[in-house]
2 protein chains.
Amino acid sequence: MITLTDVAKRAHVSTMTVSRVLHHPEQVSEEIRLSVQKAISELGYKPSRVGQALSKQRQFVIQFLILEDVKKVDPYYAKLLLYIADFLRNEGYTLEINHDATYHASQVDGTFVSGARKSDLKMLTELPYPIVSYGKVGQEIPYVDIDNAKGTFMITKYLISVGYQNIIYIGLNLKEDFSLERKKGYETAIIENKRKAHIFMINNDEHEAAALVNQLDLKEKTAIVSATDRIAIGVLQRIQECGIADVGVTGFDGVFISQFSLHKLTTVEQPLKEIARTMVEMMLKLINKENVKSTLIKPRIIIGETTRKQKVIR
Amino acid sequence: MITLTDVAKRAHVSTMTVSRVLHHPEQVSEEIRLSVQKAISELGYKPSRVGQALSKQRQFVIQFLILEDVKKVDPYYAKLLLYIADFLRNEGYTLEINHDATYHASQVDGTFVSGARKSDLKMLTELPYPIVSYGKVGQEIPYVDIDNAKGTFMITKYLISVGYQNIIYIGLNLKEDFSLERKKGYETAIIENKRKAHIFMINNDEHEAAALVNQLDLKEKTAIVSATDRIAIGVLQRIQECGIADVGVTGFDGVFISQFSLHKLTTVEQPLKEIARTMVEMMLKLINKENVKSTLIKPRIIIGETTRKQKVIR
DNA sequence: ATGAAAGCGCTAACAT
DNA sequence: ATGTTAGCGCTTTCAT
């Protein structure tokens, strides 16, 4: 391995001069600077992360702590991780993946966390470094999340705008924040437009969704707002089987699932790249002891082929 | 931060004695060992990764280098990453995620790579540390892969065993190894059972698959072996729409996609946990300068609801 | 503008 | 069985 000392010898200067060339080049005379830079590139010198970490007492490593069970990991996490890794790298940080919930002792400069629940709050607040959560856990922990209420609000409003008369919501039978928010978004849009709310709550299961559709006696000009893509897929398949005409179906999340269907699903997209960017920005601020505010990312609705197309709201 | 020195002072010994208690406890008298262990736990001492890395000249970090574009990342990568992270952690290693293909300069003890192509071979073989690839790139690089030929072979044989007379293969129009292997597995099973091969090659697109089905004039007792779940989804939806009876459909990969359908797809599963375990084992051997052999993992076929069920082959 | 010295946390090699 | 020394690569502090 090429070290600072190697470069220093080659350039006939001290290691400090080399270090200065790298970090405070303005403090070094041009002549020496050039010859040091030459030595660096000739030798192919790369600073050792370990050496820097030791003397700076910083690791330049951020961990992503996934608290879900492996089997339940959402498919789009891979994308989120990669986006985060990319953004971090631009800032000179590295991303370390950790999974086991008992493993918080890792020596890092900060932690991203996903899948955290209220019961994790104590453990998380006790960590000796900054945390940013993907998804709200509690006010104590800065988070980034999609604006769930806005998502269902936007998509419901869209359905109304393209002429659906009757709009049904199939929600998630869960007491988590995101589930309540999604329901609220639908209700707000319904009230604003003086329609009648029709709400059903089920588990996140395509078969339950299909079974529910069977009992609904759907008419034309009806649209179904689903709280997740998975519910939407069940609804959609049942509707197609029955051959009911002009019934709109929408989902929520829509990163992979909605692609695996002949008819592209109208859905609320998780803007993963923006979520990643925001999470990284917040982390860097926290590391610099700056204050941050939890952020809701504005969702984007994707108009697919499972709803009418007339005009598009933004 | 609590250091070795803190522990040493507390236990009234030298730092080396503390280090020995941690790494070679048999070399330390029981009396001292106990008092050092007491000091360690009272202070909550955790060895510094950086300090160890510096003196051992090792990082205890493995990177996973994903060479695909973010947008094309397979959904099941998240699972693979987590499994690998878990296995590595048991061995005292940490998993670092890197994505940008130009970023191979990372200081790590080894690299896992996925999505590598022939054109990456040169770069990969020049890396100064061990590599294990997920998926075959060339003989130069140790890899772990699912036994693609065996997968299609097994599933074709299964279809024959449950009584399908006519078995069609819809393959991927790609010259990559895995695509050729999957086709070969089908052909081998067909020849062994003295059936007639019917092969079509298309892109990995559900619409192309559906369009192909339209031209096929399918009869009863026919089954379609698809090279990917995505193709299978297209086939399946088209068949359901047409209401053709007793036509079997199978896929390949089947980690997430096959779950998002009312009718669970019969498919060849990527045994991700075993792939992860094998990749980690190989990496550790390589780090220890032992020889390794590239490994094909035996696939498992999942019998879903898109094929007849009579008896199960293993 | 440049350099020397000390220290970050740890361990291998060498004493005792 | 235990301790001392030196060194891993780098940066901060304090000379010069």
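First the proteins, then the strands, lettered A, B, ... as listed; each starts at 1.
Of the side-chain N and O atoms in B:Gln52, none sit less than 4.0 angstrom from OP1 or OP2 of C:dG9.
A distance-only check finds a donor-acceptor pair linking the side chain of B:Ser294 to the backbone of B:Tyr143 [under 3.5 Å]. At distances below 3.5 Å, not a single donor-acceptor pair connects side-chain atoms of B:Ser48 with backbone N or O atoms of B:Lys46.
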- [ ] In sequence, state the C-alpha distance, the side-chain angles, and the governing distance for A:Gln270 and A:Tyr134, and then conclude on side-chain hydrogen bond (donor to acceptor under 3.5 Å, both in side chains).
- [x] CA-CA 12 Å; A:Gln270 297 261 8; A:Tyr134 170 45; 3.1 Å; yes
TODO: Evaluate the criterion side-chain hydrogen bond (donor to acceptor under 3.5 Å, both in side chains) for residue pair B:Thr228 and B:Asp253; output intermediate values, then yes/no.
DONE: CA-CA 6 Å; B:Thr228 68; B:Asp253 284 341; over 6 Å; no
TODO: Check the pair B:Thr17, B:Ile32 against side-chain contact (heavy atoms from CB on, under 4.5 Å), reporting the backbone distance first and the verdict last.
DONE: CA-CA 9 Å; B:Thr17 302; B:Ile32 292 198; 3.7 Å; yes
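In this entry the distance linking CD1 of A:Ile2 with C1' of D:dG9 reads 13 Å, nearest Å. Whole-Å rounding puts the B:Gln107 CD to D:dC8 P distance at 16 Å. In this structure, CZ of A:Arg49 is placed 13 Å from P of D:dC10, rounded to the nearest angstrom. Rounded to whole Å, atom P of D:dT13 lies 10 Å from atom NE2 of A:His24. Taking atom CG on A:Leu22 and atom C1' on D:dT12, their separation rounds to 15 Å, with Å as the unit. If you take NE2 of B:His23 and P of C:dA13, they are 14 Å apart, rounded to a whole angstrom. A straight line from NZ of A:Lys9 to C1' of D:dG9 spans 13 Å, rounded to a whole angstrom.
For the contact set between residues 53-60 of chain A and DNA chain C, defined by any heavy atom under 4.0 Å, the members are A:Leu54, A:Ser55, A:Gln57.
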Taking only N/O atoms, report every protein-nucleotides 1-5 of chain D pair under 3.5 Å with atom names and distance.
| from | atom 1 | to | atom 2 | distance (Å) |
| --- | --- | --- | --- | --- |
| D:dT2 | OP1 | B:Ser29 | OG | 2.9 |
| D:dT2 | OP2 | B:Ser29 | N | 2.7 |
| D:dT2 | OP2 | B:Ser29 | OG | 3.0 |
| D:dG3 | OP2 | B:Ser14 | N | 3.1 |
| D:dG3 | OP2 | B:Ser14 | OG | 3.3 |
| D:dG3 | OP2 | B:Thr17 | OG1 | 2.5 |
| D:dG3 | N7 | B:Arg20 | NH1 | 3.3 |
| D:dG3 | O6 | B:Arg20 | NH2 | 2.4 |

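Both the sub-6.0 Å distance and the 45° axial angle are not jointly satisfied by A:Arg89 relative to the ring of A:Tyr93.
B:Glu269 pairs with exactly one of B:Lys298, B:Lys79, B:Arg300 by the salt bridge (Lys or Arg N to Asp or Glu O under 4.0 Å) rule, that one being B:Arg300.
Comment: B:Lys175 does not engage B:Glu181 in a salt bridge, judged by the lack of any side-chain N to carboxylate O separation of less than 4.0 angstrom.
A distance of 12.0 Å separates CG of B:Leu82 from NZ of B:Lys273, quoted to the nearest 0.5 Å.
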